[in-house]
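For the numbers below, each heavy atom of this structure counts, side chains included, while hydrogens, waters and symmetry mates do not. Computed from a predicted model, the values in this text were never measured in an experiment. Sequence lines set the chain letters: A, B, ... in the order given, protein chains first and strands last, and positions in each chain run from 1.
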2 protein chains.
Amino acid sequence: MKISKPVSSCCVPLLSGQLNHQEAEQLAAIFRVLGEPARLQILSLIAAQSTGEVCACELTEPLGLSQPTLSHHLKVMYEAGLLHKERRGTWIYYRLVPERFEVLHRVLAIPTRRPDAVHSSP
Amino acid sequence: MKISKPVSSCCVPLLSGQLNHQEAEQLAAIFRVLGEPARLQILSLIAAQSTGEVCACELTEPLGLSQPTLSHHLKVMYEAGLLHKERRGTWIYYRLVPERFEVLHRVLAIPTRRPDAVHSSP
DNA sequence: AAACCATATCGATGAATGTCAATATATAAA
DNA sequence: TTTATATATTGACATTCATCGATATGGTTT
């Protein structure tokens, strides 16, 4: 999974303006990361922890995937900036990067009403 | 692009609860649709119109894609429920389906603070 | 009817990528 | 150092899918 540079931190205008090639590619790259059931399950599993984090070793069993596959998905999300990673001894703990989801949340916000420029005709 | 059944209309808990297999697959299917630069550009192009809609014939030039490819992308988004389609004579006009983006917007909302269940230890 | 345009479908091709077995690396403990 | 466990990487394979040329379908006009 090819990960391009992070989307600019504020207000990429998916639903409120035009995207150029580069912006579209960056945004699409993040959505592609989310376009995998296993990864969404990992994310929701992390979010469901009261500690806000999860050890990689706790994932393979509930998801029914091999260890290499899990490792792969975690890497993809880490490189996409969606996950934070912290090693403690032999184990590695992952948590969400809220700012990253904030961006996506904003991107999908539908503008209440577009400032309709004097009803200009095409 | 395989499109599964639409995500339940309210509050799929990506970031606030656990997703089961089916929910994850449905959500991932939508994100997969958004994981394509050309499709994001189409969406933002529609959103940028003061009329809120765009004719399919207006897309091929600004995006630099062939007509069959454009038609393909529109179909994918239409079948994912992201676009509404209306024929007027020879032309077909597309507009966003706001409810659909509302769902995604909510899905990516980060819970302000999870009700921390009495700090139970694992 | 025919001619013309917009859109959709078909078929083929190449690229991206999810998956796992095997193996490597890293850390901790004995 | 050796052993054990957790995580990462490699290599191979199968599947998905974006893309386009060719062609079909649908609507409009003459």
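What separates CG of A/L59 from P of C/dT19 is a distance of 14 Å, to the nearest Å. For B/L65 and D/dC17, the CG to C1' distance is 14 Å, given to the nearest whole Å. Taking atom CG of B/L34 as the reference point, atom P of D/dC17 lies 14 Å away to the nearest angstrom. Separating the NZ atom of A/K75 from the C1' atom of D/dT10 is a distance of 11 Å, rounded to the nearest angstrom. Going from atom CG of B/L63 over to atom C1' of D/dA18 covers 14 Å, rounded to whole Å. Per the geometry, CZ belonging to A/R88 stands 21 Å off P belonging to C/dA26, to the nearest Å. Rounded to whole Å, the distance from CD on A/E79 to P on C/dG18 is 12 Å. Atom-to-atom, CG of A/L74 to C1' of D/dT9 comes out at 14 Å; the value is rounded to the nearest Å.
Residue A/Y93 is the one, among B/H73 and A/Y93, whose nearest nucleotide of DNA chain D lies closer to the 5' end (criterion: closest heavy atom). Between A/R87 and B/I92, it is B/I92 whose nearest contact on DNA chain C lies nearer the 5' terminus. Residue whose closest nucleotide on DNA chain C sits further toward the 5' end, between A/A38 and A/G89: A/A38.
Distances were taken from every side-chain heavy atom of B/H72 (C-beta onward) to each of C/dG18, D/dG21, D/dT19; the shortest belongs to D/dT19. Ranking C/dT7, D/dT28, C/dG18 by closeness to the A/R39 side chain, first place goes to C/dG18. Among the nucleotides D/dT7, D/dT19, D/dC17, the one closest to any side-chain atom of B/R32 is D/dC17. The side chain of A/C55 lies closest to D/dT7, out of D/dT7, D/dC17, C/dA6. Looking at the side chain of B/W91, the nearest of the listed nucleotides D/dA8, C/dT7, D/dA22 is C/dT7. Comparing C/dT7, C/dA22, D/dG26 by their nearest atom to the side chain of A/P68 picks out C/dA22.
Of the possible donor and acceptor atoms, one in the side chain of A/R100 sits under 3.5 Å from a partner among the backbone N and O of A/A80.
OP1 and OP2 of C/dT27 both lie 4.0 Å or more from every side-chain N or O belonging to A/T90. Taking 4.0 angstrom as the limit, A/T69 places a side-chain polar atom (N or O) nearer than this to OP1 or OP2 of C/dC20.
A/Y78 comes within 4.0 angstrom of nothing in the nucleic acid, heavy atoms only.
Interface remark: the A/Q67 side chain does not form any donor-acceptor pair with the D/dA6 base, using a distance-only criterion of under 3.5 Å.
Within 6.0 Å of CD on B/E61 lie no more than 12 heavy atoms contributed by other residues, nucleotides or ligands.
For the residue pair B/H73 / B/R39, a side-chain donor-acceptor distance below 3.5 Å is found, with atom types taken as modelled.
Judged by the 6.0 Å distance and 45° axis criteria, A/K85 is positioned over the aromatic ring of A/Y78. Figure legend: cation-pi geometry between A/R88 and A/Y93, with NZ or CZ positioned under 6.0 Å from the six-membered ring centre and within 45° of its axis.
Atom CG of B/N20 and atom CD of B/Q22 lie 6.0 Å apart (nearest 0.5 Å).
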